[in-house]
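Working notes for the structure below.
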There are 2 protein chains.
Amino acid sequence: MGASELTRPLAWIAVDWGSSNLRAWAMDAQHHVMASASSPRGMLSLTPAEYEAELLGIVDDWLPDSGQTPVMVCGMAGARQGWQEAAYLATPTRLDQLSRGAVMPPLADPRLRVYLLPGLSQTGSTNHDYDVMRGEETQLAGLLADTSRFSGLVCLPGTHAKWARLTDGAVTEFATYLTGELYQLLAHQSVLKHSVGQDDLQHDGCRQAFTQAVKATYQAPERFSQRLFGVRAQDLLANTLPSGDARSAVLAAHLSGLTIGLELAGACHELTPGENVTLIGNEALSHRYALALETLGIDTQRVDGDTAVLAGLTLAYQSTRQ
Amino acid sequence: MGASELTRPLAWIAVDWGSSNLRAWAMDAQHHVMASASSPRGMLSLTPAEYEAELLGIVDDWLPDSGQTPVMVCGMAGARQGWQEAAYLATPTRLDQLSRGAVMPPLADPRLRVYLLPGLSQTGSTNHDYDVMRGEETQLAGLLADTSRFSGLVCLPGTHAKWARLTDGAVTEFATYLTGELYQLLAHQSVLKHSVGQDDLQHDGCRQAFTQAVKATYQAPERFSQRLFGVRAQDLLANTLPSGDARSAVLAAHLSGLTIGLELAGACHELTPGENVTLIGNEALSHRYALALETLGIDTQRVDGDTAVLAGLTLAYQSTRQ
């Protein structure tokens, strides 16, 4: 879609550049999305020299003939192994000031000015461990679009699930849980791969297996490793399970509940009574976590992941103009 | 080594037939080992029709010209996907009666009489989960060689670590922890593979990282999943770690301590104060677990894995002759 096809003048471009893909949005002066484009080439498949061309490949059509368009980029493009390293900002970090840590890689094409936003780091202490995030800080910043002094506990489910404590619009503490990756490894590479299929939380048997596993592991996290083998043992011994695909679906839901239950056992002791959790992510994963949290009596509010990242990039763009 | 090369007459043959290998020992009438032989073909690489020939391939030389030699077999050869299924005996199980569950596969060669020993199963209840073991029950039986009414908590470290409560020579309860497999998956297939190398517990830095991780996870098992990512975050951020191979060794020891600490958090709450743990296994792994348990103030006694399996097979052989 050429610049002449954008319905209003291009003000800036929003970019989320992850490990495995690139997504860009053409933004107008009111920070509304006019168009979007994407490419499957993420940090893992690009050398530093290839980033500029890859970006132009999907946004070139949007660019006006003259002038320089700001591009706000969050995600792994700013990692050490990315385009250019935007060093972590150490917590506590005000989310309306991420752009202060942005770096601007040199470009051949004069029509763009690229800002690579920093991630966040946390130094280890007695209270919390070393930790890092890159990309999620921008989604967290998106919460400030509605509530500039946002306070609360936020969870971003995913391969490396993040939990962040926000206080007056700053990240004061955060933790990463390997939950998603752990589930994938166990379901596809471990002895459990013979037993675990594809779950469906709409299905009663799956939902029940999931919520029971969440509750049991939340109450006794030390039995997690034992319960993992129990998935296999149940498959071999239990005659109360359905058979075939229904069986492997129930066992998949059970395994999912074990891994998420372990994460919640670690993350939720931080909650003050009556405090809720804000979930940022895609529909399916947020629904899964909301079900788990509600099983434990914890209320949730959900924010769409893409909505959050665009709001966060908008905040960063606005702060570069101050 | 032919039968004429055995120093005394062959009384029976002991066999441990696992997933990945076959080991056999020529036993005299006093149950001493006269010779041993092995093959790399275990359950995973054999069809039922191939077992007899594979066994004869390594024991043929020991067999006298006439008569029938009993062969006591423990391990995966008796699994559903093995030679012939020797169905699990359900707990509680007296370890001096394993041979009652033995099956005798039909053989073409009249010089052998093969007993495939059963494994153990445990039905799920409010107190414990569904669980299975196959092969370890024979090592546990080996404890009865010295103490026929053995009582105590026993740990067999490994890919799927087993913990068993023995009461008066019977297994009353047991649990499997996926610890070894979890470590392998995390160290070699997850995001941590970039950080984790080969540890060496003789090295002070490794030993310290290991014992600290054991203690921290034992005290707070709910933080396990978070601490996993911490291995990566530390590698990226911590400037107190050594560099190069020493760094990846320390991080490997740290990861090992996390997974074993989680297992101990689950397994050791069963201990009465002052009770010790009997470890059965190979030298290196038993040493690692002993170090972990002693870090938590729990005394251990160690029994060599091969010694235990031979003693258990001997007990089973003796019970077939009653």
Side-chain angles (χ1 to χ4, degrees), chain A residues 79-80 88 90 121-124 128-133 159-163 174-179 181-182 184-186 188-192 216-218 220-240 259-269, chain B residues 79-80 88 90 121-124 128-133 159-163 174-179 181-182 184-186 188-192 216-218 220-240 259-269:
Chain A
R80 188 171 301 166
Y88 299 112
S121 65
Q122 174 172 274
T123 302
H128 52 232
D129 296 332
Y130 280 106
D131 216 320
V132 292
M133 71 166 76
T159 303
H160 297 162
K162 305 285 183 186
W163 284 75
F174 70 96
T176 307
Y177 292 80
L178 226 57
T179 304
E181 183 159 18
L182 206 49
Q184 292 301 324
L185 286 173
L186 290 165
H188 301 312
Q189 315 251 32
S190 82
V191 64
L192 305 185
T217 306
Y218 183 78
E222 69 280 2
R223 293 183 63 186
F224 172 74
S225 173
Q226 173 190 348
R227 290 208 165 100
L228 287 182
F229 189 78
V231 173
R232 179 71 184 144
Q234 271 192 68
D235 191 21
L236 292 172
L237 300 178
N239 46 22
T240 51
T259 56
I260 292 175
L262 181 66
E263 175 181 333
L264 300 189
C268 293
H269 70 267
Chain B
R80 190 170 299 168
Y88 298 111
S121 66
Q122 173 172 275
T123 303
H128 52 232
D129 295 334
Y130 281 105
D131 217 320
V132 292
M133 71 166 77
T159 304
H160 297 162
K162 306 286 184 188
W163 284 75
F174 69 96
T176 307
Y177 292 79
L178 225 57
T179 304
E181 183 159 17
L182 207 50
Q184 291 302 325
L185 286 173
L186 290 165
H188 302 310
Q189 315 250 31
S190 82
V191 64
L192 304 185
T217 306
Y218 183 79
E222 70 279 2
R223 294 183 62 186
F224 173 74
S225 173
Q226 174 189 346
R227 291 209 165 100
L228 287 182
F229 190 78
V231 173
R232 179 73 184 143
Q234 270 192 69
D235 191 22
L236 292 172
L237 301 176
N239 46 22
T240 50
T259 56
I260 292 174
L262 181 65
E263 174 180 335
L264 300 189
C268 293
H269 69 265

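Keep in mind that what you see is a predicted model, and the values were worked out from it rather than measured. Here is the naming used below: chain letters follow the sequence lines, and residue numbers restart at 1 for every chain.
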* Asked: Quick one: CZ on B:Phe174 to CD on A:Gln226, what's the gap to the nearest 0.5 Å?
  -> 10.5 Å
* Structure fact -> Rounding to 0.5 Å, atoms CG (A:Leu228) and OG (A:Ser190) come to a distance of 7.5 Å
Max heavy-atom pair count under 4.5 Å with chain A, selected residue of [options]:
options: B:Asp129, B:Leu192, B:Thr259; answer: B:Asp129
options: B:Glu263, B:Glu222, B:His269; answer: B:Glu222
options: B:Ala267, B:Ala161, B:Ala233; answer: B:Ala233
options: B:Thr159, B:Leu185, B:Leu236; answer: B:Leu185

Quick check for you: among [options], which has the greatest number of heavy-atom pairs under 4.5 Å with chain B?
options: A:Ser225, A:Gly230, A:Gly261; value: A:Ser225
options: A:Arg80, A:Gln122, A:Arg223; value: A:Arg223
options: A:Thr217, A:Thr123, A:Asp131; value: A:Asp131

* Asked: Can you name the closest pair of heavy atoms from B:Tyr218 and B:Pro221 and give their distance?
  -> O-CD, 3.6 Å
* Nearest atoms (heavy-atom pairs only) where B:Leu264 meets B:Trp163 -> CD2-CZ2, 3.4 Å
* What part of A:Leu182 lies closer than 4.5 angstrom to a heavy atom of chain B: side chain, backbone, both or neither? -> side chain
* **Which atoms of A:Tyr88 approach chain B - backbone, side chain, both or neither, heavy atom under 4.5 Å** => side chain
* Parallel, tilted or perpendicular: rings of B:Phe224 and A:Phe224 (30°, 60°) -> tilted
* **With A:His160 via side chain to side chain contact (heavy atoms under 4.5 Å, CB included) - residues at least two apart** => A:Thr176, A:Leu178, A:Glu181, B:Val191, B:Phe229
* **Which residues share a side chain to side chain contact (heavy atoms under 4.5 Å, CB included) with A:Ala216, sequence neighbours left out** => A:Arg227
